[in-house]
J.: 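Below you'll find the structure I mean.
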Amino acid sequence: MKVTEPNIDFEILIDDSFINLKSEEEIKHIENKNVLSLINDFADGKWRFRKFQEFIWDNIAETALSYQDRMALIDKSHSTLTEAAKKLRLTDLSKNQDGQGSELAEIILYGFMKHHYKALPVVPKIFYKQNPQDNAKGADSVHIIVNDDKSFTIWFGEAKFYNSIEDERLYSIVNSVENSLLSDKLQKENSIITNVSDLNDLLKDDSELLKQIKELLSSKTSIDDLKPKLHIPILMLYECKITAKSDSLTDEYKKEIVQYHKERAESYFKKQIKKCSISIFKYSEINFHLILFPVPEKQPIVDKFIQNVQHYKNQD
């Protein structure tokens, strides 16, 4: 994968292969698995809530507007936010507390993909959701990374915002990832990519690369050929007791988060391996990236996001 200098607003605590992070216990199928751990900082003894919200709104256009719409709104920041907000569904408001925030998590993942992994957003999923009542349909993030040698990888992401990432919650994420890797689901994602205009617009200056990507994603090409180039970033945005009790970015806080994220990564990957290595053909050839980001409290973040969306939705 292309190595780039990270350009992101949050501190990175872990960015490593899972092989280097796991305990001494022998675990099969651990190749092609990576862990990224990020944290926000503190100011005046408080977690920087506003900085986090600004990251959401700085990246919302990539998720909610098509390439052509974004280009039409260059240098029109207020219009961009207004149009992006209008695309947000907010249909998860009727869900229980632990189900809220799905679109917010999608936007955060898009921001990480753009700024850390330097990925091209080939399908802004909020914009292209086919059924406005179905938040979970298809991948939450669809990107392509083009390397310096013109090789490329395809990224289909999962984004979750949970009250907890203890073991009982991890099973639902494993099930969601497994479902997204079924051949019919992958073929559907491939079809969406090749049938929307964004890929053509983004790669209009490289016709040969565009041709190669479309050939790989074609229904005529075996899904098995895609899997070595397939990456699955899995964002776990979650309410964290360690962060909630902290008031500054101390070495002790960082050490505690690192240890907890290593434990959660091992628990998650054990569960994913146990299930997906049996049900998904060529599972070991697929690359996975577990992304962990703690927040002190979920509900105020969701409430503020909804308040901001409704504000922009009401603009003329």
Side-chain angles (χ1 to χ4, degrees), residues 1-10 12 14-17 32-38 55-71 84 103-129 138-160 177 180-181 186 189-190 192-206 208-210 212-214 216-217 226-237 285-293:
M1 188 176 70
K2 183 178 180 180
V3 177
T4 57
E5 189 67 26
N7 178 26
I8 199 163
D9 294 334
F10 305 110
I12 296 172
I14 303 172
D15 187 4
D16 204 352
S17 168
N32 299 334
K33 292 175 178 62
N34 306 277
V35 179
L36 177 65
S37 164
L38 308 97
F55 184 79
I56 296 170
W57 288 91
D58 286 345
N59 290 280
I60 194 168
E62 298 283 355
T63 323
L65 298 177
S66 69
Y67 176 86
Q68 292 180 355
D69 284 348
R70 296 197 304 271
M71 292 303 100
E103 288 180 313
L104 187 158
E106 290 179 39
I107 296 165
I108 293 291
L109 177 55
Y110 264 74
F112 290 166
M113 289 302 303
K114 176 183 178 180
H115 296 289
H116 182 70
Y117 296 104
K118 310 302 180 186
L120 300 175
V122 295
V123 180
K125 289 305 287 281
I126 288 175
F127 180 83
Y128 284 113
K129 290 284 187 180
D140 295 324
S141 165
V142 178
H143 288 79
I144 289 177
I145 293 181
V146 179
N147 301 313
D148 291 334
D149 62 0
K150 296 297 184 180
S151 62
F152 63 90
T153 50
I154 311 293
W155 294 60
F156 292 159
E158 293 279 328
K160 308 295 181 187
V177 170
S180 73
L181 293 174
L186 291 176
E189 292 293 347
N190 293 350
I192 292 172
I193 295 174
T194 55
N195 283 305
V196 300
S197 63
D198 292 70
L199 181 61
N200 295 332
D201 293 330
L202 287 164
L203 297 177
K204 60 186 176 184
D205 295 327
D206 197 332
E208 181 57 34
L209 178 60
L210 179 62
Q212 291 177 23
I213 293 173
K214 285 192 170 183
L216 178 66
L217 300 179
L226 170 66
K227 290 180 179 178
K229 287 185 173 291
L230 185 59
H231 290 244
I232 310 297
I234 306 157
L235 172 63
M236 294 187 192
L237 184 66
E285 295 186 16
I286 302 170
N287 295 269
F288 297 91
H289 305 260
L290 183 62
I291 306 170
L292 297 152
F293 193 102

J.: Show your working on side-chain contact (heavy atoms from CB on, under 4.5 Å) between Trp155 and Met113 and close with a plain yes or no.
T.: CA-CA 9 Å; Trp155 294 60; Met113 289 302 303; 3.4 Å; yes
J.: Is any side-chain heavy atom of Tyr110 closer than 4.5 Å to a side-chain heavy atom of Ser141?
T.: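 Yes. Closest side-chain heavy atoms under 4.5 Å.
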J.: Is there side-chain contact between Asn287 and Thr153, with heavy atoms separated by less than 4.5 Å?
T.: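 Result no, sub-4.5 Å side-chain heavy-atom pair not found.
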J.: What residues form a ring pair (Phe, Tyr, Trp, His ring centres under 6.0 Å) with Phe112, not counting sequence neighbours?
T.: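 For Phe112 the ring pair (Phe, Tyr, Trp, His ring centres under 6.0 Å) partners, ignoring immediate neighbours, are Phe55, Phe293.
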J.: Can you spot which of Val35, Leu235, Asn34 makes a side-chain contact (heavy atoms from CB on, under 4.5 Å) with Ile291?
T.: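 Among Val35, Leu235, Asn34, the one meeting side-chain contact (heavy atoms from CB on, under 4.5 Å) with Ile291 is Leu235.
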J.: How far does NE2 of His289 sit from CG of Asp15, to the nearest 0.5 angstrom?
T.: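 Nearest 0.5 Å value for the NE2-CG distance: 10.0 Å.
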J.: Only one of Leu36, Leu290, Leu109 clears side-chain contact (heavy atoms from CB on, under 4.5 Å) with Ile234; which?
T.: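 Only one of Leu36, Leu290, Leu109 forms a side-chain contact (heavy atoms from CB on, under 4.5 Å) with Ile234, namely Leu290.
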J.: Has Lys229 got a side-chain atom pairing as donor or acceptor with Phe152's backbone, closer than 3.5 angstrom?
T.: yes
J.: Between Leu186 and Leu181, what is the shortest heavy-atom contact and its length?
T.: CD1-O, 3.6 Å
J.: For His115, which of Asp58, Asp9, Asn59 qualifies under side chain to side chain donor-acceptor pair (under 3.5 Å)?
T.: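 The option that passes is Asn59.
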J.: Are His116 and Ile12 packed together at the side-chain level, in the sense that at least one heavy-atom pair is separated by less than 4.5 angstrom?
T.: yes
J.: Could you tell me which non-hydrogen atom of Ile286 sits nearest to which non-hydrogen atom of Leu230, and how far apart they are?
T.: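 That closest heavy-atom pairing would be CG2-O, 3.7 Å.
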J.: Using every non-hydrogen atom in the two residues, find where Pro233 and His231 come nearest and quote the distance to one decimal.
T.: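 So the two residues come closest at CD-O, 3.5 Å.
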J.: Compare every heavy atom of Ile154 with every heavy atom of Ile213, then report the nearest pair and how far apart it is.
T.: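 Heavy atoms only, the tightest pair is CG2-CD1, 4.5 Å.
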J.: Could you check Leu104 against Leu237 for side-chain contact (heavy atoms from CB on, under 4.5 Å), going step by step and ending with a plain yes or no?
T.: CA-CA 10 Å; Leu104 187 158; Leu237 184 66; 3.7 Å; yes
J.: Which residues pass the side chain to side chain contact (heavy atoms under 4.5 Å, CB included) test with Asp149, not counting sequence neighbours?
T.: Asn147, Ser151
J.: Would Glu208 and Asp206 count as a side-chain contact (heavy atoms from CB on, under 4.5 Å) if you check the C-alpha gap in whole Å, the side-chain angles of each, and the deciding distance to 0.1 Å?
T.: CA-CA 6 Å; Glu208 181 57 34; Asp206 197 332; 4.1 Å; yes
J.: Which heavy atom in Ala119 sits nearest to a heavy atom in Ile145, and how many Å separate them?
T.: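 Scanning both residues completely, I find the closest heavy atoms to be CB-CG1, 3.6 Å.
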J.: What is the minimum heavy-atom distance between Lys150 and Leu209, and which atoms define it?
T.: O-CD1, 3.4 Å
J.: Who pairs with Asn190 by side chain to side chain contact (heavy atoms under 4.5 Å, CB included), at least two apart in sequence or on another chain?
T.: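 With neighbours one apart ignored, the set is Phe156, Leu217, Ile223, Leu226.
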